[in-house]
Amino acid sequence: MHITVDGNQIALDKDGYLISLNDWTPAVAIQLALQEKIALTDAHWEIITLLQSFYQEYQISPAMRAFVKYTEKNLGIDKGKSIYLLGLFPPSPAKIASKIAGLPRPTNCL
């Protein structure tokens, strides 16, 4: 599986996640989001950036509970809620946001 972004073919695994995290760019994120029928807004980018920080700090993609707690800690209680994240990245915020952020699939997400 692959996507084409700016004339480059980007390899994806069978679930649509980047095979090489080094292939991620904002243009790749936009393409991955379009595949999920998501038009990225500033609110989405804020969460994508936050997820990438989480990954740099812990070297894993967060499961939903850790995702919510990390969001609350860094962006406040209003954004650190499952319902807020679900509104941005339906139907599974931890999986979909990680995919768009160029991160591996969270290990304990179905």
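In this chain, numbering begins with 1 at the start of the sequence shown.
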Exercise for the section: Applying ring-ring contact (aromatic ring centres under 6.0 Å, His included), name anything that partners Y17, two or more places apart in sequence or on another chain. Expected result: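 None.
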Exercise for the section: Taking ring-ring contact (aromatic ring centres under 6.0 Å, His included) as the test, write out the residues that go with F67, two or more places apart. Expected result: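 For F67 there are no ring-ring contact (aromatic ring centres under 6.0 Å, His included) partners, ignoring immediate neighbours.
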Qualifying residues under side-chain contact (heavy atoms from CB on, under 4.5 Å), relative to [X], sequence neighbours excluded:
X	answer
T25	A27, V28
S53	Y70
A33	I38, L40, I100

Practice task
Provide the full list of side chain to side chain donor-acceptor pair (under 3.5 Å) pairs with a residue in residues 32-41, sequence neighbours left out, each pair given once.
Solution key: E36-K99, T41-H44
Problem - Contacts of E72 that satisfy salt bridge (charged side-chain N to carboxylate O under 4.0 Å, His left out) - sequence neighbours left out - result: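 With neighbours one apart ignored, the set is empty.
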Handout entry: Residues that D6 engages under salt bridge (charged side-chain N to carboxylate O under 4.0 Å, His left out), provided they are two or more places apart
Key =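 Listed in chain order: nothing, the list is empty.
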Pairing residues for [X] by the side-chain hydrogen bond (donor to acceptor under 3.5 Å, both in side chains) criterion, not counting sequence neighbours:
X	result
Q56	none
E46	K79
Q31	none
S20	none

